[in-house]
Amino acid sequence: MAGTPSTPLLKDELDIVIPTIRNLDFLEMWRPFFQPYHLIIVQDGDPNRTIAIPPGFDYELYNRNDINRILGPKASCISFKDSACRCFGYMVSKKKYVYTIDDDCFVAKDPSGKDINALEQHIQNLLCPSTPFFFNTLYDPYREGADFVRGYPFSLREGAPTAVSHGLWLNIPDYDAPTQLVKPLERNTRYVDAVLTIPKGTLFPMCGMNLAFDRELIGPAMYFGLMGDGQPIGRYDDMWAGWCIKVICDHLGLGVKTGLPYIYHSKASNPFVNLKKEYKGIYWQEECIPFFQNATLSKDSTTVQQCYIELSKQVKEKLGKVDEYFVKLADAMVTWIEAWDELNPATNTAANVKAAK
């Protein structure tokens with residue numbers, strides 16, 4: 001089909017993770033691009049509800065009952081009634097790469113009118129190095145038609161492995177509730193044909209609706225926190241993960257890219273509902289961001305799990321003073337690593353988890 005590579009890139013090395021509460025009719029639009037790949041669908045909400053999935057897709061479907069059965073008591077670390085539940089799909093995947101997308105995201109078109117194969121662009125981002133240690137003013141120097149500019153150190157031109165590819169959105173921007181309220185009709189129509197590496201030492205607001213990552217490089221840190229039902233906060237799941245992974249990527253010498261590809265975000269969520277979910281986060285982020293900006297990890301932390309456990313201790317010690325929620329979240333971070341290592345024994349660092357307790 002038009003826009004689809006003759007041999008899909010990483011066909012047997014990538015899973016697509018989709019959180020949902022509804023029928024997945026949106027997959028029909030993505031069929032030319034997604035059908036060759038395995039889907040992991042995480043059904044949020046009522047586990048007794050049957051959701052319809054178009055025929056012809058290779059998928060596995062997990063609901064809350066499955067999460068409880070597979071993780072037992074450790075299922076407490078997986079959010080309920082929040083798209084943060086998607087990270088369970090990261091945990092049960094056995095592939096090297098993961099792409100995650102929301103069910104209200106459609107195929108976007110580039111300025112020429114051609115359908116954008118977002119997945120293919122994410123794969124290209126992940127397979128090319130990043131440049132976190134020195135900014136290249138022509139953005140991604142590994143892209144066709146670009147290179148390192150004059151003055152770029154030759155010793156750094158090999159780059160760093162890319163752990164995360166963060167894509168963007170046309171139509172409905174990813175705004176917080178106050179911005180939604182003051183700009184209810186604003187739409188993003190600007191297509192910027194660029195990919196850049198986020199520099200070392202710089203945080204960013206990660207959005208989970210159009211995101212890919214190297215699961216082997218950074219997967220254990222892709223925890224979307226405790227959000228939604230029973231929690232005092234929502235809509236900060238992907239941002240929490242983004243702050244954590246950036247600190248760890250910086251420590252381990254890994255890269256994070258942002259820019260292309262675009263998807264078409266079709267549906268604006270209710271700003272008043274969002275404000276209720278976000279209002280504590282809007283206040284807490286003024287404490288969280290300086291915390292992550294100043295977070296450092298020890299030389300002894302050489303694996304993602306070790307880094308994450310060390311970071312969880314700092315969350316408990318420093319952000320726990322902001323609110324008791326962060327003590328609970330820090331404990332959930334440790335539980336997440338325990339559950340990850342149980343399901344992924346090849347990278348098991350359980351001894352580090354036990355030592356952290």
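Only heavy atoms go into these numbers, but all of them, side chains included; no hydrogens, no water, no symmetry mates. Keep in mind that this is a model prediction, so the values were computed, not measured.
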Gap between atom NZ of Lys96 and atom CD of Glu13 - 0.5 Å precision: 7.5 Å
Sidechain-backbone polar pair: Asp110 side chain, Lys114 backbone, donor-acceptor under 3.5 Å: yes
Could you give the side-chain donor-acceptor pairs of residues 292-301 under 3.5 Å, partners two or more places apart or in another chain?
{"residue": "Asn294", "atom": "ND2", "partner": "Pro290", "partner atom": "O", "Å": "2.7"}
{"residue": "Ser298", "atom": "OG", "partner": "Glu310", "partner atom": "OE1", "Å": "3.1"}
{"residue": "Ser301", "atom": "OG", "partner": "Glu310", "partner atom": "OE1", "Å": "2.5"}

Asn136/Tyr152 under side chain to side chain donor-acceptor pair (under 3.5 Å): CA gap, chis, key distance, verdict: CA-CA 7 Å; Asn136 191 59; Tyr152 200 101; over 6 Å; no
Validation row: Ile263, Val107 side chains within 4.5 angstrom (heavy atoms): no
Within 6.0 Å of NZ in Lys183, more than 12 heavy atoms from elsewhere: no
Please report, to 0.1 Å, the donor-acceptor pairs under 3.5 Å made by any side chain of residues 319-328, with sequence neighbours excluded.
{"residue": "Asp323", "atom": "OD1", "partner": "Tyr325", "partner atom": "N", "Å": "2.8"}
{"residue": "Tyr325", "atom": "OH", "partner": "Leu226", "partner atom": "O", "Å": "2.6"}
{"residue": "Lys328", "atom": "NZ", "partner": "Gln231", "partner atom": "OE1", "Å": "3.4"}

Any side-chain heavy-atom pair of Leu260 and Arg143 under 4.5 Å: yes
Sub-4.5 Å side-chain heavy-atom contact between Ser93 and Val17: no
Passing option when Val256 is tested against Val164, Asp250, Thr197, Thr202 for side-chain contact (heavy atoms from CB on, under 4.5 Å): Val164
Tyr262 side-chain N/O to Val192 backbone N/O, donor-acceptor pair under 3.5 Å: yes
Within 6.0 angstrom of Glu158 CD, more than 12 heavy atoms from elsewhere: no
Sequence-distant partners of Tyr142, ring pair (Phe, Tyr, Trp, His ring centres under 6.0 Å), two or more places apart: Phe148
Residue pair Asn274 / Ser269, side-chain donor-acceptor N/O under 3.5 Å: yes
Trace of the side-chain contact (heavy atoms from CB on, under 4.5 Å) decision for Val92 with Tyr62: CA-CA 10 Å; Val92 297; Tyr62 296 94; 3.8 Å; yes
Least distance between heavy atoms, Arg235 atom then Asp238 atom: O-OD1, 4.1 Å
Rounded distance (nearest 0.5 Å) linking atom CD1 of Ile18 with atom CE of Met209: 14.5 Å
Ile172 side chain reached by Arg187 side chain, heavy atoms, under 4.5 Å: yes
Close side-chain approach of Asp44 and Pro19, heavy atoms under 4.5 Å: no
Donor-acceptor contact below 3.5 Å, side chain Asp237 vs main chain Phe224: no
Any donor-acceptor pair under 3.5 Å from Arg64 side chain to Gly45 backbone: no
Arg86 CZ to Met91 CE distance, which is reported to the nearest 0.5 Å: 15.0 Å
Cys105 side chain reached by Asn210 side chain, heavy atoms, under 4.5 Å: no
Aromatic ring pairing Trp336/Trp340, orientation class (parallel under 30°, perpendicular over 60°, tilted between): tilted
Working for side-chain contact (heavy atoms from CB on, under 4.5 Å), residues Leu126 and Tyr97: CA-CA 9 Å; Leu126 290 171; Tyr97 301 97; 3.8 Å; yes
Short side-chain donor-acceptor distance under 3.5 Å, Asn344 and Arg215: yes
Ile248 versus Ala221, closest heavy-atom pair with distance: CD1-CB, 3.8 Å
side-chain contact (heavy atoms from CB on, under 4.5 Å) between Thr20 and Val42, worked out: CA-CA 6 Å; Thr20 192; Val42 184; over 6 Å; no
Heavy-atom side-chain proximity of Cys77 to Met333 below 4.5 angstrom: no
Residue pair Pro271 / Gln180: nearest heavy atoms and the distance that separates them: CA-OE1, 3.6 Å
Pair Asn125-Gln121, side-chain donor/acceptor within less than 3.5 Å: yes
Side-chain heavy-atom pair Phe57, Leu27 within 4.5 angstrom cut-off: yes
Separation of Asn65 CG from Asp46 CG (nearest 0.5 Å): 9.0 Å
Smallest separation among heavy atoms of Gly253 and Phe133, with atom names: CA-CZ, 4.0 Å
Single hit among Asp15, Asp214, Asp12 for salt bridge (charged side-chain N to carboxylate O under 4.0 Å, His left out) with Lys95: Asp15
Audit row: Lys257, Leu196, side-chain contact (heavy atoms from CB on, under 4.5 Å) steps and yes/no: CA-CA 6 Å; Lys257 291 187 174 185; Leu196 64 152; over 6 Å; no
Check: Asn171/His265 side-chain N/O donor and acceptor closer than 3.5 Å: no
Ring centres under 6.0 angstrom apart (His166, Phe204): yes
Ring geometry between Tyr236 and Trp243 (parallel below 30°, tilted from 30 to 60°, perpendicular above 60°): tilted
Flag for Tyr308-Gln306: side-chain donor and acceptor within less than 3.5 Å: no
Side-chain H-bond candidate by donor/acceptor type, Asp104 with Ser266, under 3.5 Å: no
